[in-house]
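Along the sequence shown, residues are numbered consecutively beginning with 1. Atom set for the values below is all heavy atoms of this structure, side chains included, hydrogens, waters and symmetry mates excluded.
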Amino acid sequence: MDVGIICIGKLKEAYWRDACAEYAKRLSAHCRFSIIELAEARVPKDPTEGDIRRALSEEGARILERCTPGSWVAALCIEGDLLTSEKLAQRMAAVTIGGKSSMFFIIGGSHGLAPEVTARADAKISMGRMTFPHQLARVMVCEQVYRAFAINSGSRYHK
């Protein structure tokens, strides 16, 4: 199984990169894991709605280019479903059993995700009603993907 996180922006601080690297190392026992970082679209300091729509469209096009045909895609967005770790594990297992060979978790930039991305998504998942920095959200997704594999394999990690 190929599992990827497609995200807008780079991790600047070493501690975020180290955390993601640790989960990537752990995930290597379960899947081919990758993080694809895409550049954030530039917007003026005080962007108009049009500027934001243009930026989202630009980012969305780059995100969709990276979603391979036939892959399962989960958009991380506030309007998504609230899932427990066990429910995420069940969904990921169902994707695998359903014959998909790749899955992507999409994390947008500071203005969210383009409507084209959420329309393409097979699932919309919310990490909660609170707002998290994108860097922390990426670490959290890495951890939850690892936890899902641990749950599905019967590992003690989840306990």
Side-chain angles (χ1 to χ4, degrees), residues 1-11 16-41 55-129 132-159:
M1 172 65 71
D2 290 320
V3 178
I5 296 175
I6 301 174
C7 47
I8 300 297
K10 295 188 179 290
L11 294 179
W16 297 127
R17 289 191 306 271
D18 291 346
C20 287
E22 176 61 27
Y23 287 112
K25 182 175 84 174
R26 293 179 185 194
L27 279 162
S28 69
H30 301 282
C31 65
R32 286 176 301 279
F33 181 73
S34 63
I35 296 175
I36 301 165
E37 295 179 327
L38 302 174
E40 190 169 2
L56 286 174
S57 179
E58 180 185 316
E59 291 170 357
R62 284 188 272 127
I63 289 168
L64 293 173
E65 285 175 4
R66 298 301 189 113
C67 296
T68 55
S71 61
W72 182 81
V73 175
L76 282 291
C77 50
I78 197 155
E79 68 272 11
D81 297 330
L82 290 169
L83 300 178
T84 64
S85 297
E86 294 86 356
K87 288 287 185 195
L88 177 61
Q90 289 171 4
R91 281 207 186 170
M92 289 174 61
V95 169
T96 303
I97 291 167
K100 301 279 185 181
S101 61
S102 61
M103 64 177 71
F104 293 102
F105 294 86
I106 312 297
I107 302 172
S110 59
H111 296 290
L113 290 169
E116 299 85 0
V117 174
T118 56
R120 161 60 180 92
D122 299 292
K124 295 175 192 75
I125 300 172
S126 174
M127 297 177 75
R129 298 299 178 224
F132 298 103
H134 287 98
Q135 297 90 341
L136 178 58
R138 189 181 314 181
V139 173
M140 291 168 63
V141 171
C142 289
E143 192 281 336
Q144 285 298 296
V145 169
Y146 175 69
R147 184 175 297 272
F149 276 106
I151 290 168
N152 289 336
S153 68
S155 163
R156 296 184 64 164
Y157 176 80
H158 180 61
K159 301 295 178 202

Exercise for review: State which residue, out of Val73, Val3, Asp2, fulfils the side-chain contact (heavy atoms from CB on, under 4.5 Å) condition with Ser102.
Suggested key: Asp2
**Study point:** Partner of Lys10 by side-chain contact (heavy atoms from CB on, under 4.5 Å), out of Glu37, Arg17, Gln135
**Key:** Glu37
Measuring from [X]:[atom1] to [Y]:[atom2], what's the distance to the nearest 0.5 Å?
{"X": "Ile36", "Y": "Glu65", "atom1": "CD1", "atom2": "CD", "answer": "11.5 Å"}
{"X": "Phe105", "Y": "Ile6", "atom1": "CZ", "atom2": "CD1", "answer": "11.0 Å"}
{"X": "Met127", "Y": "Leu136", "atom1": "CE", "atom2": "CG", "answer": "7.0 Å"}
{"X": "Arg138", "Y": "Ile8", "atom1": "CZ", "atom2": "CD1", "answer": "9.5 Å"}
{"X": "Trp72", "Y": "Thr96", "atom1": "CH2", "atom2": "OG1", "answer": "9.5 Å"}
{"X": "Arg91", "Y": "Asp122", "atom1": "CZ", "atom2": "CG", "answer": "10.0 Å"}

Measure from the side-chain N and O atoms of [X] to the backbone N and O of [Y], and report whether any donor-acceptor pair falls under 3.5 Å.
{"X": "Thr68", "Y": "Ser71", "result": "no"}
{"X": "His134", "Y": "Ile107", "result": "no"}
{"X": "Arg147", "Y": "Ala89", "result": "no"}
{"X": "Arg129", "Y": "Ile78", "result": "yes"}
{"X": "Lys124", "Y": "Asp81", "result": "no"}

[Y] and [X], any side-chain heavy atoms less than 4.5 Å apart:
{"X": "Val145", "Y": "Met92", "value": "yes"}
{"X": "Met1", "Y": "Met103", "value": "yes"}
{"X": "Cys7", "Y": "Ile35", "value": "yes"}
{"X": "Ile63", "Y": "Leu113", "value": "yes"}

Can you name the closest pair of heavy atoms from [X] and [Y] and give their distance?
{"X": "Ala74", "Y": "Ile125", "value": "CB-CD1, 3.9 Å"}
{"X": "Ala41", "Y": "Glu59", "value": "N-OE2, 2.9 Å"}
{"X": "Ala39", "Y": "Arg62", "value": "O-NH1, 2.5 Å"}
{"X": "Ile5", "Y": "Cys142", "value": "CD1-SG, 3.5 Å"}
{"X": "Thr118", "Y": "Cys77", "value": "CG2-SG, 4.4 Å"}
{"X": "His111", "Y": "Leu56", "value": "O-CD2, 3.7 Å"}

Exercise for review: Please test Cys67 against Ile106 for side chain to side chain contact (heavy atoms under 4.5 Å, CB included), starting from the C-alpha separation and ending with a verdict.
Suggested key: CA-CA 9 Å; Cys67 296; Ile106 312 297; 4.0 Å; yes
Review point. Do Glu116 and Ser57 have a side chain donor and acceptor closer than 3.5 Å?
Key: no
Check your understanding: Side chains of Glu79 and Ser126: is there a donor and an acceptor less than 3.5 Å apart?
Key -> no
Review point. Taking the six-membered ring for Trp, are Tyr146 and Phe33 ring centroids under 6.0 Å apart?
Key: no
**Study point:** Electrostatic pair Glu22-Lys25, nearest N-O below 4.0 angstrom
**Key:** yes
Exercise for review: Answer yes or no: are there more than 12 heavy-atom neighbours, outside Arg66 itself, under 6.0 Å from its atom CZ?
Suggested key: no
Exercise for review: Could you please spell out the steps behind the side chain to side chain contact (heavy atoms under 4.5 Å, CB included) verdict for Ile151 and Ser85?
Suggested key: CA-CA 8 Å; Ile151 290 168; Ser85 297; 4.1 Å; yes
